[in-house]
Amino acid sequence: MDFIRTVSLICMRRKAIFVNRTSVIRCFCQKASENSSTKIDKPYESAVDRLYKKLMGKVPQTVVVVTTAEYDILKNRWLNKGITCTSFTNVSYHPPIVSFCVNHPSKMHDLLLRTQHFAIHVLGKDQVAYSLEFAKHVNDDIDQFARVPHTQGHEGIPIIAGCSAVMQCRVHSVHTVGDHHVWYGSVFDAVVSDDAPDTLLYYFKSFRSVGDEIFIKAFEDATLPYEDWTHEAHLRMAWTYITEYGKEKATPFIREGIQHFNEQNKDKVKFGYHETITGFYISIVADSVNRTSALTFDEFISKNSFLFDKNVISKYYTKGRLYSDDARHSFVTPDICPLPC
């Protein structure tokens, strides 16, 4: 198979695996800015903006993971990074050029400016876990590839094993458009797997980010690995539902979702469902959402880092009240400090 045909197959091979609710890629108007550290204020949403989002909700998007790597001389090791996105598209066949978008601002954008190389992985339907892994917000000292089989490609780029297709690219150009950076890559190597499962494909009904949508889908289906059901994951789930539905409508989604997830993982759950703790975090997260302007969970949690403190609940409840049988099975009000209205 010649090289151009290989790239063509990657760009054209799109079979729907599941239909979902998620966010539109917000990459439309607004004046371009090359300063990646500049914050983008949430713009006024006109009727045209809303219609545009509704239109994009009917357009299928391929889920890809973009990876790159930088060698740290001081630590004598490679810094491997990846990010999940759904904005991959073919730009040109002759020469082969592709594009994808990342949020503005973005650490991945800054890293790509330094490395000037990246790989685009087209995921198969059995690789939802990888899309979750690379949709997480992680610190630089966390190895995203610890649980992901991979090899090393050109310039140290990590290549994820078992994908439907992989392209290695050199940076062609990058532009900042609205609230996204648009990256263009010149493809210099490509592989298509004829044996891999069908390609992971979404179309969007709501306006979550791809990372939030993949996460919520896995949570609702109880396919989220139990080791990923962390305190941060609880917060992310609550934030996603509350920002989409509001506190009152989100509450049954949160309660029933946790109970369903626990039931599907009953052989792993140690503490179990607790009505008062659940109600407490619904109230605290909802109050933080009302007080904070944030387009993404990462932005929200960076402005409300106190939520990571698992002991914050002790400022409202004594241990005797919180861990009583009544508190486990029904919501009880705090006995130290009232919850925010």
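As a basis for the values below, the full set of heavy atoms in this structure was taken, side chains included, without hydrogen atoms, waters or symmetry mates.
- Cys163 and Ser193 get closest at one heavy-atom pair: O-CB, 3.6 Å.
- Ring geometry for His175 versus Tyr184: interplanar angle over 60°, hence perpendicular rather than tilted (30 to 60°).
- In this pair, Phe297 and Phe300 present their aromatic rings tilted. The plane angle is within the 30 to 60° band.
- Heavy-atom contacts from other residues, nucleotides or ligands closer than 6.0 Å to NE2 of His172 number 12 or fewer.
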Item to complete: Give the intermediate values and the outcome of side chain to side chain contact (heavy atoms under 4.5 Å, CB included) for residues Arg114 and Thr68.
Response: CA-CA 10 Å; Arg114 299 195 299 270; Thr68 192; over 6 Å; no
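- Looking only at side-chain heavy atoms (C-beta outward), Asn262 and Trp229 come within less than 4.5 Å of each other.
- Shown are Thr67, Ile120, Val187, Ile157; of these, the side-chain contact (heavy atoms from CB on, under 4.5 Å) with Gln168 is made only by Ile157.
- Between Tyr245 and Phe253, the ring-plane angle classifies as parallel under the 30° and 60° cut-offs.
- Considering only heavy atoms from C-beta on, Met167 comes within 4.5 Å of Phe88 through its side chain.
- Distance check, rounded to the nearest 0.5 Å: NE2 of His109 to CD1 of Ile83 gives 11.5 Å.
- Taking the side chain as every heavy atom from C-beta outward, Pro95 and Ile97 approach each other to under 4.5 Å.
- Looking only at distances, no side-chain donor or acceptor of Glu133 sits under 3.5 Å from a matching main-chain atom of Val148.
- Because its NZ or CZ atom is both nearer than 6.0 Å to the ring centre of Phe271 and within 45° of the ring axis, Arg328 counts as a cation-pi partner of that residue.
- Tyr273 contributes atom OH, which lies 11.5 Å from atom NE2 of His329 (distance to the nearest 0.5 angstrom).
- Of all heavy-atom pairs between His180 and Asn103, the closest is NE2-OD1, 3.0 Å.
- Using cut-offs of 30° and 60° on the angle between ring planes, the pair Trp78 and Tyr71 is perpendicular.
- Residues Leu322 and Ala327 share a closest heavy-atom pair of O-CB, 3.2 Å.
- Looking at heavy atoms from C-beta onward, Phe261 lies in side-chain contact with Tyr226 at the 4.5 angstrom threshold.
- Atom CD1 of Ile301 is separated from atom CZ of Phe306 by 8.0 Å, given to the nearest 0.5 angstrom.
- Contact annotation: the side chain of His121 never approaches that of Gln127 to less than 4.5 Å [non-hydrogen atoms, C-beta and beyond].
- Taking OH of Tyr130 as the start and CZ of Phe145 as the end, the distance is 11.0 Å to the nearest 0.5 Å.
- Ring-centre distance between Phe280 and His274: not below the 6.0 Å cut-off.
- Between Val166 and Ile160, every side-chain heavy-atom pair lies at or beyond the 4.5 Å cut-off.
- With rounding to the nearest 0.5 angstrom, the CD1 atom of Ile258 is 4.0 Å from the CE atom of Met237.
- Proximity of Thr176 to His181: side-chain heavy atoms (C-beta onward) are separated by under 4.5 Å at one or more points.
- Rounded to the nearest 0.5 Å, atoms CZ (Arg170) and OG1 (Thr115) are 12.5 Å apart.
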